[in-house]
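I have placed the structure first, in the form of structure tokens, so that the comments after it can refer back to it.
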Amino acid sequence: MEQRVSSEPPAENQKKKKMAEDEGKTIAEGEKIEEMKPWEQHSAVISIPRFDYNASSSLLRHSHSGFLITCPIKREKSATKEAISILEKYIVSNHDAKRRKTCMDDANEECKGSREGAANEHVNLESGTSMEKSDILSLVKLTRSGLVLFKFPFDKSPAVVDIVSQIFQSLESGILKSPLWCNRILPIQGTCCLDEKELKKIVTKLVEQFMNNRQKETGNTVKFAVGYNRRGIEETEMKNLRNTSSDPDIFALLDRKKCFSVVAAAVKEVVPDSIVDLKDPEICVLVEVLPLSGVPDRTAIVGVSVLPRALVTTKPRLCIKALVSDTKETNKKKR
């Protein structure tokens, strides 16, 4: 009797069998394993949360905290997976004594049971890891590439700035290895519609919190700077919005100078003796336009953060520090 022999090398065949077994599939002896295309391999190996399609409507109604992550274009899935593995090490529930875990909406496993206010959320169950329900991060769908956005429920406000600070400390000490796909992680302390009153209100609140936690030295003038990123909103789009809108002031805050003046007025209202210093600011107010999917036309949502000098870089512009320095990146490429 003729014996069927696999044409593939034994080592390669064993590797594919192992991958199939990891996915819960059984491969019979001698059965041909079809080779997956590169993009199929990518989706089979990388398991990421589903998008929270209710996120946009919630962001229109409530202020949320979260994280905005930058990554290389077309590497959003890899960055999402990497960000989850990083963030879950540092997210701690600030509302109860539950153990440190992050609930995620996983693509493969559904969380058993229900949670008030989070009926559609699931738990990310990885082999050997027991995940508990605590603070829940949702993955928000965006309209631009190179970005990943996570948000917390509106009734939970973890110390996102402290979380990012701990990540930087772990990277510097070597406890956390340098990420491959996540370039920057911006902690978002609050969100609002791009409206003058709303923006001033949230900036005032966050600056007050910053000053209450700061040990101010008597007689020193507080220096601050404002960073504004209209990420994904080009000048041509702004002109079109102004021309088609019946209200010419509806997108006034998209103008950089106007936004700066509103934020600066809010800072000075809390700290009257403050001055602008772009080179060495003590208070750094970052405003990010979030390119959300599913929001109505002529509507923009921004994320706002008030950060200490240690977490930002001022050159070439004011923004959150990169997780991996340019020097390290250059050395990696040379190798």
Side-chain contact, heavy-atom cut-off 4.5 Å: [X] with [Y]?
X	Y	value
L60	L292	no
V161	L311	yes
K200	E269	yes
P179	I86	yes
P158	F152	yes
L323	R184	no
V263	L199	yes
V289	N229	no

Is it true that a side-chain atom of [X] and a backbone atom of [Y] form a donor plus acceptor pair closer than 3.5 Å?
X	Y	answer
K81	K77	no
R309	V312	yes
E82	L180	yes
S63	T191	yes
H64	K151	no
T221	S274	no
R256	Y228	yes
R144	P291	no
E288	G303	no
S58	N54	no

Linking I/L/V/M/F/W/Y whenever their side-chain heavy atoms sit closer than 4.5 Å, directly or via other members, would [X] and [Y] fall into one cluster?
X	Y	result
I275	V306	no
L278	V271	yes
L59	Y53	yes
F154	F67	no

task = Evaluate the side chain to side chain contact (heavy atoms under 4.5 Å, CB included) criterion for residues C319 and T313: first the C-alpha distance (whole Å), next the side-chain angles of each, then the deciding distance (0.1 Å), finally the verdict.
result = CA-CA 6 Å; C319 64; T313 179; 3.5 Å; yes
key: Qualifying residue for side-chain contact (heavy atoms from CB on, under 4.5 Å) with L290, from V302, T143, I188   =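 Running side-chain contact (heavy atoms from CB on, under 4.5 Å) over V302, T143, I188 with L290 returns exactly one hit, I188.
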ask   = With F150, which of L68, V160, T80, D52 fulfils side-chain contact (heavy atoms from CB on, under 4.5 Å)?
value =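 When side-chain contact (heavy atoms from CB on, under 4.5 Å) is applied between F150 and each of L68, V160, T80, D52, only T80 qualifies.
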Nearest atoms (heavy-atom pairs only) where [X] meets [Y]:
X	Y	result
C71	L147	SG-N, 4.2 Å
A79	C182	O-SG, 3.4 Å
A55	V140	CB-CG2, 3.8 Å

task = I would like to know whether V276 and V226 meet side chain to side chain contact (heavy atoms under 4.5 Å, CB included); could you show each step before the answer?
result = CA-CA 8 Å; V276 176; V226 181; over 6 Å; no
query = Going through the checks in order, is the side chain to side chain contact (heavy atoms under 4.5 Å, CB included) test met by I283 and M211?
reply = CA-CA 9 Å; I283 302 176; M211 295 303 296; 3.6 Å; yes
inquiry  = Tell me whether the count of non-hydrogen atoms from other residues, nucleotides or ligands lying under 6.0 Å of NZ in K321 goes above 12.
reply    =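 Enclosed.
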ask   = In terms of heavy-atom contacts, does NZ of K268 have more than 12 from other residues, nucleotides or ligands at under 6.0 Å?
value =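 Yes - once you tally the heavy atoms of other residues, nucleotides and ligands closer than 6.0 Å, there are more than 12.
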Taking atom [atom1] of [X] and atom [atom2] of [Y], what is their separation to the nearest 0.5 Å?
X	Y	atom1	atom2	answer
L318	F224	CG	CZ	11.5 Å
Q189	L307	CD	CG	6.0 Å
T314	D280	OG1	CG	8.0 Å
S305	I320	OG	CD1	7.5 Å
T70	W181	OG1	CH2	14.0 Å
I202	D195	CD1	CG	12.0 Å

request  = Evaluate side-chain hydrogen bond (donor to acceptor under 3.5 Å, both in side chains) for Y90 paired with S170, printing each intermediate quantity in order.
outcome  = CA-CA 10 Å; Y90 300 92; S170 297; 2.8 Å; yes
task = Apply side chain to side chain contact (heavy atoms under 4.5 Å, CB included) to K89 and Q166, showing your working.
result = CA-CA 10 Å; K89 295 181 177 71; Q166 291 172 24; over 6 Å; no
